[in-house]
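All values below come from the heavy atoms of this structure, side chains included, with hydrogens, waters and symmetry mates left out. Convention: sequence-line order gives letters A, B, ...; per-chain numbering from 1.
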Number of protein chains: 2
Amino acid sequence: MLNYSTSEENYIKAIFHLQEANETVSTNALAQELLTRPASVTDMMKKLKTKKLIHYQPYQGFRLNTEGKKVALGIIRRHRLWEFFLSEKLKFEWGEVHEVAEELEHVSSKKLIDKLDEFLGYPKFDPHGDPIPDVHGRMEDHERISLFDLPLNVYAEVCHVANQSTEMLDLLKHKSIAIGTKLEVKRKFDFDNSLEVKIRQQSPVTISEQLAKNIFVKYGS
Amino acid sequence: MLNYSTSEENYIKAIFHLQEANETVSTNALAQELLTRPASVTDMMKKLKTKKLIHYQPYQGFRLNTEGKKVALGIIRRHRLWEFFLSEKLKFEWGEVHEVAEELEHVSSKKLIDKLDEFLGYPKFDPHGDPIPDVHGRMEDHERISLFDLPLNVYAEVCHVANQSTEMLDLLKHKSIAIGTKLEVKRKFDFDNSLEVKIRQQSPVTISEQLAKNIFVKYGS
DNA sequence: ATATATTTTTAGATTTGTCTAAATATTTAT
DNA sequence: ATAAATATTTAGACAAATCTAAAAATATAT
């Protein structure tokens, strides 16, 4: 596996995430995601094409090819393992891990990452509930459903949070909701689509539609 | 504290190390240390001067000023804490930690380093026996003496190894010598200046002059 | 279908860190 | 003290990654 620059890695990762939503990624979308200019994106796409990581025809959008996806999964593996480390071992708050992991993920030693993985006990999910690719790029893909769509009186566990803004994390903290929190929806109010949610061993809390749609859970007690 | 580029940090660190030996650092010496060209060094020295990190008059050599030393100690702190982490937690071999720490040291989050320090239990020395600066840049400065200069029948503890080549580390491993090894010199042979060294709870081993001069110890059992 | 708006690409400039080759300053040796 | 050797700096070029402004391609709306 070749080595890529920090900048190349950031582009690869962003394409990977964007192409989960849309089949093909546009110049503008990528520029917006990376807070850069469309012209810079075009420049980099030419480079990634000559390095055989993406499919790209001018004006046609682009997407990672098999090799590009492999590279992306390696970067995501590094990112999520560091997030787990920061949260679990260094006791960082939820909201703080991402920024630091953005830097750590570009340290390229394969041995470092594999030993870190071992040290952490081969974790399967990061603190935001996202799956961590293993050494072969494989990851568990737990069935996710938004809290808003969870049927009444069904036990579930929070496994992902879509939005990571400070405001959102503040609110979650206030409601005592985190990855791993076990809960069930007791009532749904048609007036404003708010939910009454019972968190295991706590009194019920009210969750707005907007918040519920950003919290993802998996079934099971 | 401002942020510096990876390249700037490498120059700062190299100047710090070189000026421990010589009062003032020369362009050529720094170029050799960093495997770069003298012209590149001059370019960077101009930059570090405008950033007020070094004293520098053309043709006169250079050295870090107070602020430059503070920055250098910050980088060295990061480097040595990561070395400790790699060795202690991830079980890297002695000889492998340096290269990876060279990359990790440039991740700039202060909070990361302070939390890492806490997680590691505020270690005072890295795996090579070099002191780790604390959060204020202070470090313990244990009296070091080369094993070759250690008087006969005096207890001492290995605290530093000057040379980190694979060959050297191989030899040390074979002789069962590592940082923290307690030992005393039982005899010195004038013919070849070799030493007979008794390692605590082991049979005596022979150490060549060359090896003994690269092993540093502090007094005490 | 054609004009308008949007998206994407190109052309050329900028910054950082590096280089080579040539010029200049300093040191060393006779 | 002066020539030769060495060390350092300058001048100008280059690669990577970015930018602005303008041109070209594509999409949209009447």
Side-chain angles (χ1 to χ4, degrees), chain A residues 2-15 18-19 21-64 68 71-72 75 102-103 105-108, chain B residues 2-15 18-19 21-64 68 71-72 75 102-103 105-108:
Chain A
L2 279 152
N3 252 359
Y4 300 98
S5 73
T6 295
S7 193
E8 287 168 336
E9 289 190 343
N10 285 333
Y11 277 91
I12 293 164
K13 193 167 49 121
I15 298 170
L18 288 174
Q19 79 182 16
N22 309 313
E23 187 57 32
T24 175
V25 179
S26 76
T27 304
N28 267 359
L30 191 47
Q32 196 167 7
E33 175 79 12
L34 291 169
L35 303 176
T36 186
R37 298 292 174 174
S40 311
V41 171
T42 301
D43 289 345
M44 184 59 89
M45 293 309 101
K46 287 182 191 163
K47 194 151 86 130
L48 294 184
K49 189 185 183 183
T50 70
K51 294 198 175 186
K52 297 199 196 304
L53 295 174
I54 61 172
H55 296 287
Y56 166 55
Q57 289 303 115
Y59 296 100
Q60 302 293 126
F62 26 79
R63 57 182 214 283
L64 296 175
V71 174
I75 302 164
E102 282 293 299
E103 282 199 67
E105 75 188 4
H106 300 296
V107 174
S108 59
Chain B
L2 280 151
N3 253 358
Y4 300 98
S5 73
T6 294
S7 193
E8 288 168 337
E9 290 190 342
N10 285 333
Y11 277 93
I12 294 164
K13 193 167 50 122
I15 298 170
L18 288 174
Q19 80 183 14
N22 309 312
E23 187 56 32
T24 175
V25 179
S26 76
T27 304
N28 267 359
L30 192 47
Q32 196 167 6
E33 175 79 13
L34 292 170
L35 303 177
T36 184
R37 297 293 175 175
S40 311
V41 172
T42 301
D43 288 346
M44 184 60 87
M45 291 310 101
K46 287 182 192 163
K47 193 151 93 136
L48 295 184
K49 190 185 182 182
T50 69
K51 295 198 175 187
K52 296 199 196 306
L53 296 174
I54 62 172
H55 296 287
Y56 167 54
Q57 290 303 116
Y59 296 101
Q60 302 293 126
F62 27 79
R63 58 182 212 283
L64 297 175
V71 174
I75 301 164
E102 282 294 299
E103 282 200 66
E105 75 188 5
H106 300 296
V107 175
S108 59

(message) Tell me which residues in residues 24-31 of chain A lie within less than 4.0 Å of DNA chain C, going by non-hydrogen atoms.
(response)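 Those residues whose heavy atoms fall under 4.0 Å from DNA chain C, taken from residues 24-31 of chain A in numerical order, are Ser26(A), Thr27(A), Asn28(A).
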Whole angstrom value for the distance that separates [atom2] of [N] from [atom1] of [X]:
| X | N | atom1 | atom2 | value |
| --- | --- | --- | --- | --- |
| Phe62(B) | dT9(D) | CZ | P | 7 Å |
| Leu34(B) | dT18(C) | CG | P | 9 Å |
| Asp43(A) | dA16(D) | CG | P | 12 Å |
| Met45(B) | dT9(D) | CE | P | 10 Å |

(request) Inspect the contact between Lys13(B) and Glu102(B) and indicate whether a charged nitrogen and a carboxylate oxygen are less than 4.0 angstrom apart. (result)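 A salt bridge is present here (some side-chain N lies under 4.0 Å from a carboxylate O).
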Minimum-distance pair of heavy atoms, taken over all atoms of [X] and [Y]:
| X | Y | answer |
| --- | --- | --- |
| Leu34(A) | Asn10(A) | CD2-O, 3.8 Å |
| Pro38(B) | Asn28(B) | CG-OD1, 3.3 Å |
| His55(A) | Leu64(A) | CD2-O, 4.3 Å |

If you round to the nearest 0.5 Å, how far is [atom2] of [Y] from [atom1] of [X]?
| X | Y | atom1 | atom2 | value |
| --- | --- | --- | --- | --- |
| Met44(A) | Thr27(A) | CE | OG1 | 13.5 Å |
| Ser40(A) | Leu30(A) | OG | CG | 10.5 Å |
| Ile15(A) | Met45(A) | CD1 | CE | 4.0 Å |
| Ile75(B) | His106(B) | CD1 | NE2 | 7.5 Å |

Please confirm whether the shortest side-chain N or O distance from [X] to OP1 or OP2 of [N] is below 4.0 Å.
| X | N | answer |
| --- | --- | --- |
| Ser7(B) | dT18(C) | yes |
| Tyr11(B) | dT18(C) | yes |
| Arg37(B) | dT18(C) | no |
| Lys46(B) | dT9(D) | no |
| Ser40(A) | dC19(D) | yes |

Would you mind reporting whether [Y] and [X] have side-chain heavy atoms less than 4.5 Å apart?
| X | Y | result |
| --- | --- | --- |
| Arg63(A) | Tyr56(A) | no |
| Leu53(A) | Tyr4(A) | yes |
| Glu103(B) | Thr6(B) | no |

(message) Let's see if you can work this out: which of dT10(D), dT24(C), dC19(D) has an atom nearest to the side-chain heavy atoms of Tyr59(B)?
(response)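 For Tyr59(B), the side-chain atoms sit closest to dT24(C).
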(message) Over all strands shown, is Thr42(B) touching base, sugar-phosphate only, or nothing at heavy-atom distances under 4.0 angstrom?
(response)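 The answer is base, as Thr42(B) lies within the cut-off (heavy atoms under 4.0 Å) of a base atom.
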(message) Regarding Pro38(B), tell me which of base, sugar-phosphate or nothing describes its non-hydrogen contacts under 4.0 Å with the strands shown.
(response)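 Base, at least one base atom sits under 4.0 Å.
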(message) Using only atom types and a distance under 3.5 Å, with no angle test, would you say the side chain of Lys49(A) pairs donor to acceptor with the backbone of Ile54(A)?
(response)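 No.
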(request) Whenever both distances are under 3.5 Å in a Watson-Crick or G-U wobble pair, mark it; put DNA chain C into dot-bracket that way, with [ ] for crossing pairs and | when the partner is on another strand. (result) ||||||||||||||||||||||||||||||
(message) Heavy atoms within less than 4.0 Å of DNA chain D: which residues of residues 49-57 of chain A have one? Give them sorted by number.
(response)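 Listed by number, there are none.
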(request) Please tell me which of Met44(A) and Pro58(A) maps to the more 5' nucleotide of DNA chain D, matching each residue to the nucleotide holding its nearest heavy atom. (result)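 Closest to the 5' end, via its nearest nucleotide, is Met44(A).
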